[in-house]
Enquirer: 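Quick one: the structure is below, and I'll ask about it shortly.
Residue numbers run from 1 in the order of the sequence given.
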Amino acid sequence: MPGLFGDMFDFNHDGKLDSFESGAEFMFFKDVVMKDTDKESETDDEDSED
C-alpha cells in the first residue's frame, strides 16, 4: 500500500512501507508542515507590526 507520497519512501521496492519507511515519510511530512507553519508565523508577525 503506497503512503502519502506514493512509493517515494518504498526504499526496498517491495510495494509496502515497513516501519522505517513509514517513519521516514512521517518525518518528511512533519518537516514540510513545520516549515510551512514557520513561514506563516513570520508573515503574521510582519503584518501585526504595522
Enquirer: What distance separates Met8 CE from Glu25 CD, expressed to the nearest 0.5 Å?
Expert: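 Interatomic distance, Met8 CE to Glu25 CD, rounded to 0.5 Å: 8.0 Å.
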Enquirer: Please answer: with hydrophobic residues joined when any side-chain heavy atoms are less than 4.5 Å apart, are Met27 and Phe20 in the same cluster?
Expert: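 Each belongs to a different hydrophobic cluster.
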Enquirer: What distance do Asp10 atom CG and His13 atom NE2 have between them, rounded to the nearest 0.5 Å?
Expert: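 The CG atom of Asp10 sits 6.5 Å away from the NE2 atom of His13.
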Enquirer: Verify the cluster assignment for Phe26 and Leu4: are they in a single hydrophobic cluster under the rule of side-chain heavy atoms below 4.5 Å apart?
Expert: no
Enquirer: How are the rings of Phe5 and Phe28 set relative to one another: parallel (under 30°), tilted (30 to 60°) or perpendicular (over 60°)?
Expert: perpendicular
Enquirer: Specify the closest pair of heavy atoms between Glu21 and Lys16, including all atoms of both residues, with the distance to one decimal.
Expert: OE1-O, 3.1 Å
Enquirer: Measure across Ala24 and Phe11 and return the closest heavy-atom pair with its distance rounded to 0.1 Å.
Expert: CB-CE1, 4.1 Å
Enquirer: Just checking Phe29: does its CZ atom have more than 12 heavy atoms from other residues, nucleotides or ligands closer to it than 6.0 angstrom?
Expert: no
